[in-house]
Amino acid sequence: MSARFRRLVETDRPQVSLTVDGVSVTALAGDTLMVAMLTNGDALRSSEFSDLEPTDGRRAGFCLMGACQDCWVWTAQGERLRACSTPVQGGMEISTHQPEATWATIA
Amino acid sequence: MGDHRVIIVGAGPAGVRAAQAVVRAGLRPIVIDEAARAGGQIYRRPPENFQRDHEALYGTEAARARAIHEDFAALLPHIDYRPETLVWNVAEGHVWAAHEGETQAIPYDALIVCSGASDRVAPIKGWQAAGCYSLGGAQIALKAQGCAIGHRVIFLGSGPLLYLAAAQYVKAGAEVAAVLDTSPFWLRVKAAPKLAAMPGLLWQGMKLLGDLKRAGVPVLTGVTPVEIEGDTQSGVSGVTVRHKGAVKHFAGDAVAMGWHVKPEAQIADLARATFAFDPATRQWLPQTDADGRAGNALYLGGDGARVLGARSAEVTGELAAMAALADLGLTVDADRRRWLLAEKANYATFAKGLAQAFPWPHELVAAIPDEAIVCRCEAVTAANLRASVNTAHAQEANRAKAFSRVGMGRCQGRYCGHASAEIIAAARSVSLEKTGRLRGQAPIKPIPVSLKRNDL
Ligand SMILES: Cc1cc2nc3c(=O)[nH]c(=O)nc-3n(C[C@H](O)[C@H](O)[C@H](O)COP(=O)(O)OP(=O)(O)OC[C@H]3O[C@@H](n4cnc5c(N)ncnc54)[C@H](O)[C@@H]3O)c2cc1C
Ligand code: FES
């Protein structure tokens with residue numbers, strides 16, 4: 001899976017590690033979770049409507065300003081995070097799949 | 001006099017100038033902003049550990065950006081600043097604000113909303129593919145994170161931000177495949193007299209175009225977008241447009257798309273502002289008097305009221321605050337107010353010029369092919385929307401929303417609302433105004449159901 005985002009400047013920052021769907025990846029301190037994930041891969045999640053016609057497949061965010069909610073990802077504990085406005089933290093365990101709905105995860 | 005309760009929503013250029021005016025009058029306002037650092041959209045700041053200085057980040061606007069950031073820092077001892085706090089509802093004289101899983105209802109005597117704008121986007125067939133971003137989003141990636149949204153980026157839309165963001169990408173070393181503007185160049189020529197109300201800004205715009213051409217970036221005006229190509233797995237692979245009778249294809253792995261910006265008016269809506277249809281920009285806008293009064297102790301400033309740009313936001317933010325202060329019975333400087341009103345009028349003329357030069361492509365939107373997705377949140381196609389209009393007689397936007405679900409997804413209509421109204425109007429052969437307005441609903445952004453009240 002190739003990187004979607006390309007780093008142009010500000011690359012001289014300490015590294016942090018996290019896991020995405022169990023795979024260990026490296027990002028930079030100060031990255032948003034979205035940048036951390038999209039400099040390592042090409043999507044954040046699959047559309048929950050991808051069984052519709054036409055299928056609309058995998059998603060990688062849209063607005064980057066907290067307005068569209070296209071960038072939701074989940075922690076191992078099932079907490080929903082908005083990747084574009086959540087700073088990455090070392091040791092995060094992120095899932096790109098929505099967990100089974102529970103009272104803590106729907107809203 | 002210290003007991004007047006003033007709440008300001010937004011710490012962009014409008015909110016910062018509003019806060020300054022309120023503090024000057026001897027009050028201590030609450031300033032609420034969803035972002036971690038003040039500055040708003042245009043003067044958005046990267047995280048603390050980033051290195052670029054104001055010149056690198058904000059170019060020609062560096063001095064203004066620095067002034068906003070420094071003036072806000074100087075205000076901190078005199079205001080109750082609440083960063084990373086979302087205003088998600090306004091009801092019965094209270095602002096509902098959420099921070100770290102907790103919420104409270106804060107009463108106010110005056111509410112000054114400076115909530116800024118978000119991208120106005122037209123759906124293009126294929127725009128749901130991963131790698132399509134709003135134009136503002138593309139700019140945020142660069143400004144706040146030092147990243148390009150792809151390895152080869154196509155800019156599609158219209159308006160000054162299209163050229164600005166593309167030029168910023170080129171300057172930062174990104175590969176820009178093309179700038180594709182749906183507005184024909186002659187409209188810019190026609191709008192020149194109005195644009196000349198702000199000669200400095202007009203000149204900057206022309207310089208950006210020069211920078212792009214010198215960098216060898218193809219700039220096409222008057223294009224008709226045909227399709228954003230890509231697949232559901234790997235995302236965008238290119239854009240096809242019609243231009244001067246020919247079909248042109250540009251390969252790229254990312255698209256930045258936007259047609260100017262529109263007010264984030266949901267808070268104003270919940271606070272009971274009245275809205276009126278603006279035929280020039282084909283949208284519903286909250287109504288205020290010249291100073292920014294919207295009734296019910298509500299005051300609107302900056303691009304959240306009307307998109308007049310960042311410089312004007314400083315003017316209208318201060319004006320809105322002065323109106324609030326005057327209504328609270330405090331004295332305001334009448335000369336200063338007159339000067340601000342005159343400045344605002346100039347920016348308004350310029351904004352009319354921009355609307356004329358870079359119009360919202362409503363005919364393209366109305367003619368979007370049936371198979372294209374209008375609502376990217378829930379994959380609702382133009383065919384679904386048209387069918388709901390015809391079968392359910394859902395002539396009105398809120399009814400069509402209920403039947404087709406367009407506008408009910410995660411973005412709550414922010415990125416499909418304007419387009420779906422155009423499609424409904426065309427499908428029913430009625431005027432856009434007749435389709436009505438998608439009403440704002442609380443919460444204006446999703447909040448966790450586990451939110452706890454901490455003020456009881
Ligand atoms: C992504 C983007 C990029 C832009 N770039 C440029 C540019 O380069 N040049 C230019 O001239 N113009 C640009 N604009 C236009 C921009 O709207 C204005 O120029 C300027 O930022 C307007 O200032 P403002 O104070 O009205 O709003 P903003 O600067 O947008 O500030 C609004 C503030 O309100 C906060 N807010 C909004 N809603 C809530 C809520 N519910 N709860 C809590 N806080 C809230 C936001 O977090 C934000 O900080 C851009 C717009 C966008 C959307
Ligand atoms: S990308 Fe739009 S909310 Fe995160």
Side-chain angles (χ1 to χ4, degrees), chain A residues 1-14 28-32 34-36 38-39 41-72 79-80 82 84-88 102-107, chain B residues 34-36 41 46-52 56 86 118-119 128-134 136-138 140-142 144-151 169 172-174 231-235 253-254 264 371 373 376-381 409-412 414-415 443 445-451:
Chain A
M1 225 192 305
S2 58
R4 179 162 296 289
F5 282 5
R6 176 181 164 206
R7 293 190 193 274
L8 296 169
V9 286
E10 307 264 17
T11 48
D12 189 17
R13 287 179 276 138
L28 301 180
D31 281 354
T32 60
M34 182 175 194
V35 165
L38 294 181
T39 49
D42 66 358
L44 298 173
R45 65 179 182 100
S46 294
S47 165
E48 65 272 42
F49 294 91
S50 47
D51 54 331
L52 298 182
E53 283 301 324
T55 60
D56 68 341
R58 298 167 77 230
R59 292 301 178 85
F62 185 69
C63 73
L64 279 78
M65 56 179 279
C68 73
Q69 321 302 328
D70 192 50
C71 63
W72 291 352
E79 188 196 356
R80 185 183 79 207
R82 201 166 65 188
C84 73
S85 51
T86 305
V88 73
T102 66
W103 280 112
T105 56
I106 55 172
Chain B
E34 201 189 348
Q41 293 303 349
E48 309 249 8
N49 65 333
F50 281 53
Q51 312 269 326
R52 283 169 296 170
L86 171 74
S118 57
D119 291 270
Q128 70 279 6
C132 255
Y133 290 96
S134 75
I140 291 170
L142 180 59
Q145 292 279 291
C147 287
I149 55 166
H151 295 79
Y169 262 58
D231 70 60
T232 52
Q233 285 309 302
S234 56
D253 63 348
E264 274 285 295
E371 69 275 20
I373 283 176
R376 25 180 351 273
C377 298
E378 302 207 345
V380 181
T381 60
R410 300 168 170 220
C411 83
Q412 295 174 311
R414 281 183 179 78
Y415 296 104
K445 286 184 185 178
I447 48 173
V449 280
S450 54
L451 212 57

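Numbered from 1 within each chain, the chains take letters A, B, ... in sequence-line order. Given the structure is predicted, the values throughout are model-derived calculations rather than measurements. What you see below is based on every heavy atom in this structure, not just the backbone, and it leaves out hydrogens, waters and symmetry mates.
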Response to the item:
Ranked by heavy-atom pairs below 4.5 Å to chain B, first place among A:Leu28, A:Thr39, A:Asp31, A:Thr11 goes to A:Asp31
Response to the item:
Okay, B:Leu142 and chain A: the region with an atom under 4.5 Å from a heavy atom over there is side chain
Discussion item. So which residue, B:Gly131, B:Gly146, B:Gly150, ends up with the most heavy-atom pairs under 4.5 Å with chain A?
Written reply: B:Gly146
Practice prompt. Of all the heavy-atom pairs spanning A:Arg80 and B:Pro446, show the shortest one and how long it is.
Written response: NH2-CB, 3.6 Å
Response to the item:
Residue set satisfying ring-ring contact (aromatic ring centres under 6.0 Å, His included) with B:Tyr169, at least two apart, ordered chain then number -> B:Phe155
Worksheet item: Where on B:Arg414 is there a heavy atom nearer than 4.5 Å to chain A: the side chain, the backbone, both, or neither?
Response: side chain
Worksheet item: Taking side chain as C-beta onward, heavy atoms only, is B:Gln412 less than 4.5 Å from A:Gln69?
Response: no
Discussion item. Could you tell me if the side chain of B:Cys411 sits less than 4.5 Å from the side chain of A:Phe62, heavy atoms only?
Written reply: no
Worksheet entry | Closest non-hydrogen atom pair, B:Ala130 against A:Ala60 | CB-CB, 3.9 Å
Worksheet, complete the sentence: Of the listed B:Gly235, B:Ala36, B:Ala172, B:Cys147, the one with the largest count of heavy-atom pairs under 4.5 Å with chain A is B:Cys147
Worksheet item: Less than 4.5 Å apart, any side-chain heavy atom of B:Gln145 and any of A:Phe5?
Response: no
Fill in: Heavy-atom closest pair, residues A:Cys63 and B:Ile140
O-CD1, 4.1 Å
Fill in: Top contributor to chain A interface from B:Glu264, B:Gln41, B:Lys445, B:Arg52 [non-hydrogen pairs under 4.5 Å]
B:Arg52
Practice prompt. Please flag which part of A:Leu38 lies under 4.5 Å from any non-hydrogen atom of chain B: side chain, backbone, both or neither.
Written response: side chain
Fill in: Residue among B:Gly173, B:Ala254, B:Pro46 with most heavy-atom pairs under 4.5 Å to chain A
B:Gly173
Worksheet item: Relative to chain A, which segment of B:Phe50 carries a heavy atom at a distance below 4.5 Å: side chain, backbone, both, or neither?
Response: both
Response to the item:
In terms of heavy-atom contacts, A:Arg6 and B:Ala174 come closest through NH1-CA, 3.7 Å
Worksheet item: Is a side-chain donor or acceptor of A:Glu10 paired with a backbone partner of B:Gln51 at a separation under 3.5 angstrom?
Response: yes
Worksheet item: Can you check whether B:Tyr133 reaches A:Arg4 side chain to side chain, under 4.5 Å on heavy atoms?
Response: yes
Worksheet item: Do B:Ser134 and A:Met65 come within less than 4.5 Å of each other through their side chains, counting heavy atoms only?
Response: no
Worksheet item: With a 4.5 Å limit on heavy-atom distance, are the side chains of B:Asn49 and A:Arg13 in contact?
Response: yes
Discussion item. I'd like to know if the side chain of A:Arg58 reaches the main chain of B:Gln233, judged simply by a donor and an acceptor atom lying under 3.5 Å from each other, with no hydrogens or angles considered.
Written reply: yes
Item to complete: Could you pull out all residues at least two apart from A:Arg82 that satisfy side chain to side chain donor-acceptor pair (under 3.5 Å)?
Response: A:Ser85, B:Glu34
